[in-house]
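A note on names: the letters A, B, ... follow the listed sequences, proteins ahead of strands, and every chain is numbered from 1.
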There are 4 protein chains.
Amino acid sequence: MAARPRAPVPDKRRIILDAAVKVFARQGFTQCRVADIADEAGVAYGLVYHYFRSKDAVLDTLFLERWEVMVEVIGQVDQQDLPAREKLRYVAGFIDDSYRHDPDLMKVIIVEVTRAANSFGRTHMPDIQRAYGRLATIVEGGMRTGEFRTAVTPAFAAMAFYGVIEQVLTQWIFAEGPIGDEEFDRAKDLIVETVCGGLNG
Amino acid sequence: MAARPRAPVPDKRRIILDAAVKVFARQGFTQCRVADIADEAGVAYGLVYHYFRSKDAVLDTLFLERWEVMVEVIGQVDQQDLPAREKLRYVAGFIDDSYRHDPDLMKVIIVEVTRAANSFGRTHMPDIQRAYGRLATIVEGGMRTGEFRTAVTPAFAAMAFYGVIEQVLTQWIFAEGPIGDEEFDRAKDLIVETVCGGLNG
Amino acid sequence: MAARPRAPVPDKRRIILDAAVKVFARQGFTQCRVADIADEAGVAYGLVYHYFRSKDAVLDTLFLERWEVMVEVIGQVDQQDLPAREKLRYVAGFIDDSYRHDPDLMKVIIVEVTRAANSFGRTHMPDIQRAYGRLATIVEGGMRTGEFRTAVTPAFAAMAFYGVIEQVLTQWIFAEGPIGDEEFDRAKDLIVETVCGGLNG
Amino acid sequence: MAARPRAPVPDKRRIILDAAVKVFARQGFTQCRVADIADEAGVAYGLVYHYFRSKDAVLDTLFLERWEVMVEVIGQVDQQDLPAREKLRYVAGFIDDSYRHDPDLMKVIIVEVTRAANSFGRTHMPDIQRAYGRLATIVEGGMRTGEFRTAVTPAFAAMAFYGVIEQVLTQWIFAEGPIGDEEFDRAKDLIVETVCGGLNG
DNA sequence: AATGAATGAGTCTTCATTCAT
DNA sequence: AATGAATGAAGACTCATTCAT
């Protein structure tokens with residue numbers, strides 16, 4: 001009798017990571033105890049330590065899993081034959097969609113890592129800088145083709161671009177209710193319009 | 001012999017606040033113990049609690065002292081008869097100078113409050129929103145006079161503007177050595193040029 | 001012009017003692033801080049320490065002031081030419097009236113001293129025993145004249161008599177509302193009736 | 001070789017409770033630190049908090065464990081077909097034996113709970129009142145059959161009876177040396193003789 | 001792999017007491 | 001006498017991590 005294909009049972013490690021996202025998002029990394037992760041995952045306390053060296057390692061794993069994808073995406077977009085503005089729009093859209101698809105994970109990454117200057121933000125500085133660097137490369141390309149002005153340096157422009165995106169996500173994170181699809185769609189355009197078009201236009 | 005005028009002796013409460021800025025900047029709020037503040041201030045442990053209800057209250061006080069000044073400044077700038085772009089430049093310059101003058105304090109405010117979504121950032125949300133609101137009013141004025149395009153809402157523009165500034169300060173905070181005067185001076189222009197001029201120009 | 005007689009202004013020391021009774025009764029000795037006493041008295045913090053060596057000394061003073069009167073009364077009653085039962089009734093009445101007249105003070109004495117075996121009860125054991133001794137002397141007299149049976153020792157009888165009184169006061173202390181005059185009046189009789197008459201009668 | 005039967009190894013929770021009795025009795029609840037309990041039990045500090053929510057919870061547990069047995073016993077005695085006086089004697093004997101068997105535990109219950117009006121006494125008032133109520137029921141039965149006079153109310157008699165017992169235990173608690181068996185035996189009779197027989201007899 | 005009991009370092013806060021004025 | 005700032009010891013509680021099964 002042929003076994004029917006079924007959704008793969010996620011292994012315990014994955015279950016723990018997913019549970020960690022939930023509790024980190026809900027309570028914050030510091031406020032959450034390892035026991036909360038285990039409870040949310042429905043596994044024994046000690047199993048968290050079987051799969052991860054420490055509580056920190058759980059967050060490190062979550063962050064890197066997603067961040068490396070993002071850095072990779074930024075790199076690949078830059079390979080495409082597109083106007084620089086379209087490349088930035090694609091990046092903004094990717095991050096925007098990441099939040100739309102898994103707001104808890106993005107909340108954790110933003111709040112607990114990229115904005116946490118005294119803890120994980122410092123640890124992962126090289127990773128974060130890598131993303132900045134790739135964004136700067138995109139801007140640089142736009143300047144080389146004459147699409148972008150050279151009033152600011154590529155590095156500054158990249159930083160500003162990321163700063164605007166992070167601020168948008170932060171707004172959503174603080175928002176009470178869920179964000180509507182129209183708002184997600186509009187955000188992509190507003191971000192690019194602000195950074196590329198400027199207020200004076 | 002005539003007594004030379006001397007700087008007024010700061011009271012103990014002030015000494016404690018100033019010491020707290022130093023240790024919060026150096027070690028981070030969480031990593032610093034109340035004993036560190038007392039030691040840095042050269043006062044007895046208990047005196048911190050004589051003047052402040054809790055460790056949290058020390059940070060609250062530091063934040064509000066400076067933040068209210070900033071909100072006030074933004075409001076007053078908007079009263080001036082100036083192009084909106086000049087108003088934004090003034091605000092950027094004020095924050096920039098705040099960092100130049102007292103980097104430790106600004107570091108604490110940015111890192112421990114405005115970017116700390118799960119702790120003081122949440123507590124002081126109303127204060128932070130008040131600043132956003134005043135920035136939005138400046139942008140709105142610019143749009144009303146036709147100086148600014150209306151491609152994005154005033155609120156979005158204010159948020160983006162603040163996001164860029166915060167990101168610049170964050171860079172400085174992470175930087176190893178001290179920031180040079182030229183960099184401070186240039187930053188004001190770059191921020192405004194980015195948000196107002198845009199990359200496309 | 002002749003000065004009119006006026007109520008004597010209580011000195012600060014007295015004011016502090018009276019305030020202490022209030023706050024000890026309200027919050028309990030341990031739960032009340034020295035600052036609470038000073039606040040209630042309307043004097044400066046340090047003045048409490050000008051008049052009293054320590055917080056403990058305040059309670060010691062309050063206790064002894066009243067307790068010595070009581071011991072004295074028990075002694076004097078025993079000098080009278082009265083049946084032993086009447087003597088006991090007088091003592092019960094005196095304590096009963098003490099509570100009626102100043103429930104806060106009696107509450108403090110009972111709760112914080114005579115029933116506090118691990119703190120002031122131990123310190124003032126000799127004082128408390130002195131009262132027991134005088135009660136025993138009364139009982140002993142009753143036995144010598146044949147008024148009382150000798151089924152129990154005078155010491156045991158004294159202890160029982162005091163135990164019943166303390167339990168009655170404890171009930172009042174725990175009671176929500178104020179105690180009515182009839183209850184005070186009846187209590188004196190019930191106490192004596194119980195200890196002298198017995199349940200079998 | 002046949003394994004000799006051995007006493008079951010008490011679990012750590014029990015060990016902690018027993019250690020707490022010792023140190024509470026020796027130093028008093030307030031004077032004892034949680035570390036003292038852990039040391040006496042020979043376990044790590046944190047284990048106390050693994051089993052109990054707080055230091056208070058340890059005492060609550062100790063009190064209730066024993067008090068509920070006592071309340072139960074009083075209720076069961078009343079079911080027996082005995083003269084009321086015999087019932088009271090049985091209750092006095094049970095409490096007396098409780099002290100004889102485990103003076104530390106009884107000391108803790110009396111000193112730290114039933115006589116501690118401002119702390120645990122208040123918390124456990126309902127439990128204490130439940131015991132009073134059952135004693136009153138016994139007295140009431142004695143009055144209904146005519147065995148007891150109705151000069152005082154059952155509630156008052158119950159309170160007096162308990163007051164005398166508590167005072168006896170308090171004497172023992174304060175006593176320097178150990179109490180002899182004869183004194184324990186005699187106490188049962190003296191208590192009942194005092195409350196039932198009365199001094200006048 | 002899985003469990004959860006056991007460990008113990010770390011720190012905020014309280015508050016009685018002292019002291020300079 | 002009167003004030004209140006200054007001192008610092010003490011202790012409950014948390015929780016990441018380890019470890020024996």
Measure NZ/B:Lys12 against C1'/F:dG4 and give the value in whole Å, please. 13 Å

Measure from the side chain of B:Leu47, starting at C-beta and using heavy atoms only, and say which of F:dA6, E:dA6, F:dA1 lies closest. F:dA6

Take the protein atom CG of A:Leu59 and the nucleotide atom C1' of F:dA16, then report the distance between them rounded to whole Å. 15 Å

Nearest-angstrom distance from the residue atom CZ of D:Arg14 to C1' of E:dA5: 18 Å

Rounded to whole Å, CG of C:Asp39 lies from P of F:dG4 at a distance of 10 Å

When you check the side-chain N and O atoms of A:Asn118 and B:Gln27, is any donor under 3.5 Å from an acceptor? no

Ion pair check, B:Arg26 and B:Glu40, cut-off under 4.0 Å: yes

Check whether B:Lys107 reaches the backbone of B:Ala25 with its side chain - one donor and one acceptor, N or O, closer than 3.5 Å. yes

Inter-residue atom distance D:Leu64.CG - D:Leu59.CG, 0.5 Å rounding: 9.0 Å

Under the salt bridge (Lys or Arg N to Asp or Glu O under 4.0 Å) rule, what pairs show up with a residue in residues 53-67 of chain C, not counting sequence neighbours? C:Arg14-C:Glu65

For the residue pair D:Phe120 and D:Phe29, does the interplanar ring angle fall in the parallel (under 30°), tilted (30 to 60°) or perpendicular (over 60°) class? perpendicular

Stem regions touching DNA chain E, defined by at least 3 consecutive Watson-Crick or wobble G-U pairs below 3.5 angstrom: E:2-21 with F:2-21

Can you check the C:Phe52 CZ to F:dA2 C1' distance for me, whole Å? 15 Å

Under 4.0 Å between a side-chain nitrogen and a carboxylate oxygen: does that hold for A:Asp36 and A:Arg33? yes

To the nearest 0.5 Å, what is the distance between CE (A:Met106) and CD1 (A:Ile110)? 5.0 Å

Return a single string for nucleotides 13-21 of chain E, one symbol per nucleotide in 5' to 3' order, where B is base contact, S is sugar-phosphate-only contact and - is none, cutoff 4.0 angstrom on heavy atoms. BBSBBB---

